2 protein chains.
Amino acid sequence: MARPAGQGEHTKKRIAMRAKALFEQKGYSAATMDEIREAAGASKGSIYYHFKSKEEMFLYILELTMLDWIDKWAAISAPLGTATDKLYALADHFASDFQNPLMKAAEEFGGSEAADPAVHERLLELTRVHYPIFRQLLEDGMESGEFERMDVGELMYIVLGLMGGLGVAYYELGAEQIAALYRRSIDILLRGIRGVGADG
Amino acid sequence: MARPAGQGEHTKKRIAMRAKALFEQKGYSAATMDEIREAAGASKGSIYYHFKSKEEMFLYILELTMLDWIDKWAAISAPLGTATDKLYALADHFASDFQNPLMKAAEEFGGSEAADPAVHERLLELTRVHYPIFRQLLEDGMESGEFERMDVGELMYIVLGLMGGLGVAYYELGAEQIAALYRRSIDILLRGIRGVGADG
DNA sequence: GAGTTAATAGACCGGATGGTCGGTTTATGG
DNA sequence: CCATAAACCGACCATCCGGTCTATTAACTC
């Protein structure tokens, strides 16, 4: 036995975080391993000691990011009561943490790389971890009468699409205006799906 | 003067169309010039005779696509009366013609390539050609009382985001279900922005 | 301090990719 | 015909990029 300091894990995380920033800025394929190496202040050898490949590194980063997002959401949503409140909070959470361009990189990754179907499958899985959160929220809202009863799956895709799609304004609006846009869109959505029993 | 047959233009279009298909299938960077060459049944020399670079070729294709989309929309919307009808038709047009993965490729292109700010600017310009269509439609609807009066720019981004974002379901739903999803989302949207003077 | 091994370093490689270049074909006008 | 230029061809190039390999360092045990 030797050097079980476990410092390697720290290095791995550091590399991942710097790489994440690069993936967000430049997309998957345009962020080269050499740029990552430089940004992380590590060596090629070290990087490939921790990660089998660029693909695997990206998946690792994506997983960390998604899990972190879910954790944060759990903390945010815990004290909230109504589905309506939660929906606003979810939009906010989505706008601030999720709307980041890492998802664009993931789309690019899935669209071109990942000839390996297993990799593609894992990617899809990671991309969908937040689906159940939306679905549950909408179901709860219907249950409580806040939202009109309707096809949950369909509504889930619509809300999901709305949240993801509002990112188009990313390049043209500031962070504050984006946040306002998300809230406003929820206003409209709520008026559109408000249950008969709800007031407003 | 010699060989002013103008057949070159035909070849250029052919190359562009085959390349477009490849860009849609594989994304910008993953579609290689050699694949394009093979698919187009042309030579490297011929391709670079017609296009200065891969970048320029992509921009050319994007422009053709957008202009074509606008033309088709003009034909579709001409006989339609109300803004509400037009909104449904626009969603349909968007879903069938626009939701195609060329826009994903454009995002990838803009996110990584296009270090040249001029190229990036031209890309943004092309990406936004349909903005005025949405804006005008919404303004008309407000004018006629079909839609509630509100900030047009904000609503435009919301509708735009909704349309673009619904593509998340692309990998999981069939074409018919997608179309239904678009219609359903417009149903909800309309309930959310319906003007006081409108019936429904 | 000798032995061991996790961890790091960085020179190097093979292949792919966008792009070039000199040459060839083909239609047209004189 | 023949000169001319548009259109086309394909071998070749320079570069970049993901990944490998060998060597070295540092931390731990005995």
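Here the structure is a predicted model, which is why all the values come from computation and not from measurement. Proteins get letters first, then strands, A, B, ... in listed order; numbering begins at 1 in each.
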Could you check which residues of residues 42-52 of chain B get a heavy atom under 4.0 Å from DNA chain D? Sort them by number, please. B/A42, B/S43, B/K44, B/G45, B/S46, B/Y49, B/H50
To the nearest Å, how far apart are B/E55 CD and C/dT17 P? 17 Å
Using 30° and 60° as the class boundaries, would you call the ring planes of B/H130 and B/F94 parallel, tilted or perpendicular? tilted
May I ask you to decide whether A/R149 forms a salt bridge with A/E139, counting only side-chain N to carboxylate O separations under 4.0 Å? no
Relative to the 5' end of DNA chain D, which residue comes earlier, A/K54 or B/G41, by the nucleotide with the nearest heavy atom? B/G41
Measure CZ/B/R37 against P/D/dA7 and give the value in whole Å, please. 21 Å
Does one side chain, of A/Q177 or B/Y157, offer a donor that lies under 3.5 Å from an acceptor on the other? no
I want to check one thing: is the phosphate of C/dG18, taken as OP1 and OP2, less than 4.0 Å away from some side-chain N or O of B/S53? no
Look at the aromatic rings of A/H93 and A/W73 and report parallel, tilted or perpendicular, splitting at 30° and 60°. parallel
Distance in angstrom units between B/E35 CD and C/dT17 P, rounded: 7 Å
In whole Å, what is the span from the NE2 atom of B/H10 to the C1' atom of D/dA6? 17 Å
To the nearest Å, how far apart are A/I36 CD1 and D/dG19 C1'? 13 Å
B/I15 CD1 to D/dA7 C1', in whole Å, measures 10 Å
Would you mind reading off the distance between B/F58 atom CZ and C/dG18 atom C1', rounded to a whole angstrom? 16 Å
Short side-chain to backbone donor-acceptor contact, A/R14 and A/A40, under 3.5 Å: yes
Tell me, please, which residues at least two apart from A/Y60 pass ring-ring contact (aromatic ring centres under 6.0 Å, His included). A/F51
Exercise: do A/S144 and A/E146 side chains pair donor with acceptor under 3.5 Å: yes
Between B/Y28 (OH) and C/dG18 (P), how many Å, whole number? 8 Å
Would you mind telling me which residue lines up with the more 5' stretch of DNA chain D, B/K12 or A/T32, judged by nearest nucleotide? B/K12
